[in-house]
Amino acid sequence: MAKEKKLVEAITPMDKDFTQWYTDVVTKAELISYSNVRGCMIIRPRGYAIWENIQKQLDARFKETGVENVYLPMLIPESLLQKEKDHVEGFAPEVAWVTHGGEEKLAERLCVRPTSETLFCDHVKDIVHSYRDLPVVYNQWCSVLRWEKTTRPFLRSSEFLWQEGHTFHATAEEAKERTEQMLNVYADFCEQVLAIPLVKGRKTEKEKFAGAEATYTIEALMHDCKALQSGTSHNFGNGFAKAFGIEYTNKENKLSPVYETSWGMSTRIIGAIIMVHGDDSGLVLPPRIAPVQTMIIPIQQKKDGVLDKAFEIRDTLKSNFSVKVDDSDKSPGWKFSEQEIQGIPTRIEIGPKDIEKGQAVIVRRDTREKIVTPIDKIPETLTEVLETMQNDMYNKAKAHLEKNTHIAHNWEEFNDILENQQGFIRAMWCGEEECEEAIKDENGATTRCIPFVQAKHSDVCVHCGKPAKCEVYFGKAY
């Protein structure tokens, strides 16, 4: 019992120190280890297995929309990067450069990709000549490097894994449709698989992606009421196309520039899963993304027939569930604690007395509810428990989002909410960047998005009092 107590105490309560709680979870759940390279993390098997599930399910959704996967180099010549001025300025502080090959100084610096717009454009200009070559709908799974000043595992690391989609279209309308389509793919995935409710909208001019015509975003609210940008989709218009000379012969036999989009989701989304669903005992994983959906824990496993029954149950379940047996020589209490820290959605307890009664006990990770079920009904019961848990986790997160989304009619209300309640603040805004910057300077709140579905709370801007142009979601963010 002393060892079991020590294991649970290894995680700082989130209400005591949320930052330390997060650090404890990612390390004690063995998702990551710190590397000896500043700002870079070692993603351990349990962490990478979550990413593999995200990758697998997102990739399938992408391909349903006609996406093809490719891979481009990680190094970008400086001259190529310079072709799109706004893009370069946006990423300049974060770029890492390769200056030598072995002992020899390079004639031209090579940038370690912070993103790959320039490489995709340089490639597409060579393969698109006619309207028959369009659309080009590509995606790549890769890592990128951004020299971040402040880093935290998953949320903001110097190197991180992601996917970046790049598509090229004949018309502005097609590009806009693709931008919106991919944002909805992200939103559906987050809500249906990750059990994370979202706010969808457009970024302000100040917050949009460097070189984009428009950036759309999904914003999630963490347990500590800070926002996390969880996926973005960018409409580039034809700015990159003009910079790189990407033209095609249209049906009227005239040259026309292509229209481009880009969209991405990264390992940052694992940070969202942790901070939306985790509790003081560790990670809590939604069943549809969990690498292991149930852990079978034999009780008094040295007694005849107990381990055999545990593996028999596993064999019954393994064709429809991700399931493991913990047959280590640790105590059952220790195994329970490990299962909870690791966020495995359910555990199945089976011991000599259970076998005598022909039953097993299924325990939910999120509520710790115990469900007694006949052994021969475990598959049906587990299906029901996991589906209920998935829905309950989404509803709990949605209730948290709704409870912590507030409306501010004036600057006094805005500051009072920010100081005493946190969360999202819906308020009217004049649309001027100077006002947006002033709000951030005064209290640290940033514009999260301009929601697609607008509401009107006042005729004037919440901060400066000028005529309001739109409703905006504000908040403090990671």
Side-chain angles (χ1 to χ4, degrees), residues 25-33 41-65 67 69 139-143 153-155 157 160-165 182 184-198 218 220 228 230-231 263-278 282-296 314 317-326 338-347 364-366 382-383 385-394 397:
V25 171
V26 297
T27 54
K28 302 300 180 183
E30 298 180 359
L31 303 183
I32 67 106
S33 287
M41 60 183 172
I42 297 165
I43 305 178
R44 300 183 66 180
R46 289 195 179 98
Y48 199 80
I50 297 171
W51 180 243
E52 285 181 311
N53 279 357
I54 290 170
Q55 185 180 37
K56 180 181 178 181
Q57 297 193 52
L58 264 184
D59 198 63
R61 289 167 182 255
F62 293 164
K63 286 173 179 171
E64 286 177 1
T65 72
V67 174
N69 284 334
N139 172 67
Q140 76 167 343
W141 294 92
C142 63
S143 68
F154 295 120
L155 299 178
S157 53
F160 56 89
L161 304 178
W162 76 346
Q163 54 74 212
E164 49 177 317
M182 300 317 293
N184 288 328
V185 167
Y186 289 146
D188 290 345
F189 171 75
C190 286
E191 294 186 342
Q192 294 172 16
V193 178
L194 305 185
I196 297 176
L198 302 160
I218 50 174
L228 186 74
S230 301
W263 27 273
M265 181 174 280
S266 75
T267 39
R268 165 179 275 217
I269 198 66
I270 297 177
I273 296 169
I274 296 166
M275 292 194 293
V276 168
H277 299 302
L283 191 61
V284 182
L285 290 173
R288 290 177 190 163
I289 204 62
V292 178
Q293 293 176 312
T294 193
M295 179 69 78
I296 301 171
R314 181 203 63 182
L317 295 175
K318 66 182 183 182
S319 60
N320 294 311
F321 306 91
S322 176
V323 54
K324 286 186 176 181
V325 175
D326 187 344
E338 280 192 323
Q339 173 256 333
E340 292 197 352
I341 286 175
Q342 294 166 14
I344 296 170
T346 59
R347 68 173 180 261
R364 281 175 55 165
R365 167 63 184 88
D366 58 335
L382 186 60
T383 297
V385 169
L386 291 173
E387 189 63 23
T388 301
M389 181 177 172
Q390 180 80 29
N391 293 332
D392 287 354
M393 288 180 69
Y394 176 80

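Because the structure is predicted, anything quoted here is derived from the model rather than measured.
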Donor-acceptor contact present, side-chain Arg268 to main-chain Leu155, <3.5 Å: yes
Working for side chain to side chain contact (heavy atoms under 4.5 Å, CB included), residues Cys142 and Trp162: CA-CA 6 Å; Cys142 63; Trp162 76 346; 3.6 Å; yes
Asp326/Arg347 salt bridge by N-O under 4.0 Å criterion: no
Test salt bridge (charged side-chain N to carboxylate O under 4.0 Å, His left out) applied to Arg61 and Asp188, step by step: CA-CA 10 Å; Arg61 289 167 182 255; Asp188 290 345; 5.3 Å; no
Heavy-atom donor-acceptor pair, Arg365 side chain to Glu340 backbone, under 3.5 Å: yes
From Tyr48 atom OH to Ile42 atom CD1, the distance as rounded to the nearest 0.5 Å: 14.5 Å
Within-4.5 Å side-chain heavy-atom neighbours: Asn69 and Phe62: no
Pairwise side-chain contact, Arg364 with Asp392, heavy-atom cut-off 4.5 Å (strictly under): yes
Pair Ile43-Ile270, side chain to side chain contact (heavy atoms under 4.5 Å, CB included): steps then yes or no: CA-CA 11 Å; Ile43 305 178; Ile270 297 177; 5.9 Å; no
Sidechain-backbone polar pair: Gln293 side chain, Leu386 backbone, donor-acceptor under 3.5 Å: no
Pairwise side-chain contact, Pro291 with Asn53, heavy-atom cut-off 4.5 Å (strictly under): yes
All ring-ring contact (aromatic ring centres under 6.0 Å, His included) counterparts of Phe321, not counting sequence neighbours: none
Side-chain donor/acceptor of Gln339 to backbone N/O of Ile344, under 3.5 Å: yes
With Pro153, the side-chain contact (heavy atoms from CB on, under 4.5 Å) member among Ile32, Thr27, Val25: Ile32
Heavy-atom side-chain contact between Tyr186 and Leu58 under 4.5 Å: yes
With sequence neighbours excluded, residues passing side chain to side chain donor-acceptor pair (under 3.5 Å) with Ser230: none
Worked verdict on Glu338 versus Lys28 for salt bridge (charged side-chain N to carboxylate O under 4.0 Å, His left out): CA-CA 9 Å; Glu338 280 192 323; Lys28 302 300 180 183; over 6 Å; no
